Amino acid sequence: MSRKAPVTAPAATRRRAPGSDETASGGTGALAHLHTELADWFSREARDLPWRAGDRTPWGVLVSEVMLQQTPVVRVLPVWREWMERWPNPADLAAEPSGEAVRAWGRLGYPRRALRLHAAAAVIVAEHGGELPDTEEALRALPGVGSYTAAAVAAFAFGRRATVVDTNIRRVHARLLGGEALPAPALTAAEQRRAAALLPEDTALSVAWNAAAMELGAVVCTARSPRCAACPVAAECAWRAAGEPPPTYTPRGQAWHGTDRQVRGAVMAVLRAAEHPVARVLFEAPVPGAAGPPAGGAVTAALGRLHALGTGPDQLERAVAGLLADGLAVEEAGRLRLP
DNA sequence: GAGGCGTGGGG
DNA sequence: TCCCCAAGCCT
């Protein structure tokens with residue numbers, strides 16, 4: 001805790017009333033200024049998202065948070081609406097086979113999230129009477145709910161004071177306070193401490209602060225080309241003050257072409273398209289003299305996309321084994337289907 | 001702690 | 001075109 005004050009606002013804006021401090025407890029310091037600036041900006045500019053609406057439910061917030069893990073808002077929106085219409089409560093989802101969740105997940109990516117959401121619904125029904133628990137600790141115990149999602153649901157669904165740290169907030173803090181272009185590749189303890197120290201003491205303000213920092217990172221303080229002209233706190237930004245230095249490291253892109261992940265995705269696309277189990281041999285390679293397509297055109301097309309990858313039999317075997325192990329697929333009598 | 005895990009849009 | 005990356009989680 002011997003680091004310099006995290007807020008590096010221009011000296012002219014530092015006005016410390018007698019007896020005030022520079023902690024997150026509020027007051028008239030530079031940090032309190034940031035709190036109000038961002039909260040005001042959020043109240044004016046926040047996107048009108050359904051999981052933020054007045055009629056939102058904790059379940060809807062949880063579903064949105066899980067869907068938004070590594071998936072952009074624009075792609076989540078239609079799927080989230082379908083889920084809420086079909087499964088307005090955890091019990092509604094828990095009553096269906098997990099494969100239905102996977103199918104309804106569509107192409108959001110990382111389908112294990114759908115499986116975990118289904119499992120979370122079952123836990124909510126079995127252990128919490130069908131209602132979302134309202135503490136970070138209990139939320140954190142749900143499948144697929146990590147520290148970020150637990151804090152986000154606690155804050156945005158239940159109005160609790162929680163330290164929310166996602167990639168947007170990390171980037172905003174790194175620039176605004178750290179003077180760096182990007183946060184570290186992985187979340188550090190120092191970042192978590194900084195985020196906790198920045199959180200307003202006032203509960204309502206803390207919720208607004210979390211939401212505002214996330215929103216700022218999502219629509220203004222973006223990773224690629226930040227729109228600093230639209231930033232309400234650009235004047236206090238340490239990164240700008242430092243002359244916008246470039247990142248000190250080059251992010252490593254994820255391999256994709258030729259990976260198991262690519263094959264898994266293509267196999268899952270077949271299973272989602274299929275209303276009936278699909279013979280495993282059909283995944284291996286095109287069947288030249290086959291009597292006909294195994295099912296509708298969508299399945300044939302998905303199989304064609306899988307075959308176009310030119311995957312070797314060993315890798316396909318490995319990919320399918322992985323899907324079976326993850327519970328994303330079930331094999332019976334030589335045929336594959338969703339669970 | 002590093003790596004695995006989908007998908008599609010935008011620079 | 002290619003490459004990054006988008007409200008992470010789990011092992």
Side-chain angles (χ1 to χ4, degrees), chain A residues 42 46-47 49-52 60-80 102 105-117 119-120 139-157 162-172 181-189 192 195 210-219 221-227 247 249-257 259-272 302 305-306 309 318-319 321-323 325-329:
Chain A
F42 183 75
R47 290 168 294 175
L49 301 172
W51 45 83
R52 288 174 175 169
V61 173
L62 174 64
V63 172
S64 78
E65 291 299 343
V66 174
M67 287 183 172
L68 287 164
Q69 292 169 3
Q70 306 282 279
T71 302
V73 167
V74 288
R75 281 165 48 202
V76 164
L77 276 169
V79 181
W80 183 86
V102 174
W105 195 253
R107 297 183 299 193
L108 290 182
Y110 292 143
R112 292 189 291 192
R113 292 182 292 165
L115 229 40
R116 291 174 181 150
L117 211 34
L139 289 163
R140 180 70 177 74
L142 298 174
V145 177
S147 63
Y148 159 74
T149 302
V153 173
F156 305 139
T163 303
V164 179
V165 182
D166 78 321
T167 188
N168 289 309
I169 288 177
R170 294 183 62 215
R171 187 172 53 251
V172 167
L182 295 173
L187 178 62
T188 66
Q192 299 183 65
N210 282 325
M214 287 184 63
E215 186 78 351
L216 189 73
V219 305
C221 195
T222 56
R224 208 81 66 100
S225 44
R227 301 166 49 226
Y249 70 97
T250 57
R252 291 184 55 81
Q254 300 173 328
W256 171 248
H257 204 74
T259 62
D260 284 6
R261 265 204 297 176
Q262 186 183 30
V263 180
R264 286 170 57 112
V267 171
M268 288 304 298
V270 174
L271 298 184
R272 284 196 307 268
R305 272 178 250 117
L306 170 62
L309 297 178
R318 189 167 61 246
L323 292 174
D326 287 346
L328 283 167

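Nothing here was measured: the structure is a model prediction, and the numbers come from that model. The chains referred to below are lettered A, B, ... by the order of the sequence lines, with proteins before strands, and numbering in each begins at 1.
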Rounded to the nearest 0.5 Å, how far apart are CD1 of A/Ile169 and CG of A/Asn210?
5.0 Å

Quote, to the nearest angstrom, the C1' distance that separates C/dC5 from B/dC5.
15 Å

Would you say the side-chain atoms of A/Arg305 pair up with the backbone N or O of A/Ala266, donor to acceptor, closer than 3.5 Å?
no

Sequence neighbours excluded, the answer for side-chain hydrogen bond (donor to acceptor under 3.5 Å, both in side chains) partners of A/Thr71 is A/Arg113

Taking any heavy-atom pair under 4.0 Å as a contact, classify A/Val66: base, sugar-phosphate, or nothing.
nothing

So A/Ala152, base contact, sugar-phosphate only, or nothing? Heavy-atom distance under 4.0 Å.
nothing

Is the closest side-chain heavy-atom distance between A/Leu182 and A/Tyr249 below 4.5 Å?
yes

Going through the checks in order, is the side-chain contact (heavy atoms from CB on, under 4.5 Å) test met by A/Trp105 and A/Val79?
CA-CA 7 Å; A/Trp105 195 253; A/Val79 181; 5.5 Å; no

Nucleotides 4-11 of chain B: protein proximity per nucleotide (B base, S sugar-phosphate only, - neither; heavy atom, under 4.0 Å):
BBBBBB-S

Please compare A/Ala223 and A/Ala150 by the position of their nearest nucleotide in DNA chain C and report the one closer to 5'.
A/Ala223

Would you kindly say whether A/Gln69 and A/Tyr148 are connected by a side-chain donor-acceptor distance under 3.5 Å?
no

Please name all residues satisfying side chain to side chain contact (heavy atoms under 4.5 Å, CB included) with A/Arg170, sequence neighbours left out, ordered by chain then number.
A/Val165, A/Pro183, A/Ala184, A/Leu187, A/Glu191

Of all residues at least two apart in sequence or in a different chain, which pass the side-chain hydrogen bond (donor to acceptor under 3.5 Å, both in side chains) check with A/Ser64?
none

Opening and closing nucleotides of DNA chain C in contact with chain A, under 4.0 Å to non-hydrogen atoms:
C/dC4 to C/dC10

Distance between C1' atoms of C/dT1 and B/dG8 (Å, rounded)
15 Å

So what does A/Trp51 hit on the nucleic acid, given a heavy-atom distance under 4.0 Å: a base, only sugar-phosphate, or nothing?
base

Does A/Arg75 reach the side chain of A/Arg107, with side-chain heavy atoms less than 4.5 Å apart?
no

Using a 4.0 Å heavy-atom cut-off across all strands, classify A/Arg47 as base, sugar-phosphate, or nothing.
base

Any residue in residues 211-219 of chain A with a heavy atom nearer than 4.0 angstrom to DNA chain C? Just list them by number, or reply none.
A/Met214, A/Ala218

Does CZ belonging to A/Arg52 count more than 12 external heavy atoms closer than 6.0 Å?
yes

Classify A/Ser64 by what it touches in the nucleic acid, base, sugar-phosphate, or nothing, heavy-atom distance under 4.0 Å.
nothing

Contacts of A/Asn168 and A/Gly144 projected onto DNA chain C by closest heavy atom; the upstream (5') one is A/Asn168

Spatial distance of atom OG1 (A/Thr163) from atom CD (A/Gln192) [nearest 0.5 Å]:
9.0 Å

Using a 4.0 Å heavy-atom cut-off across all strands, classify A/Leu115 as base, sugar-phosphate, or nothing.
nothing

Can you check the distance between C/dA7 and B/dG3, where both ends of the measurement are the P atom (answer in whole Å)?
23 Å

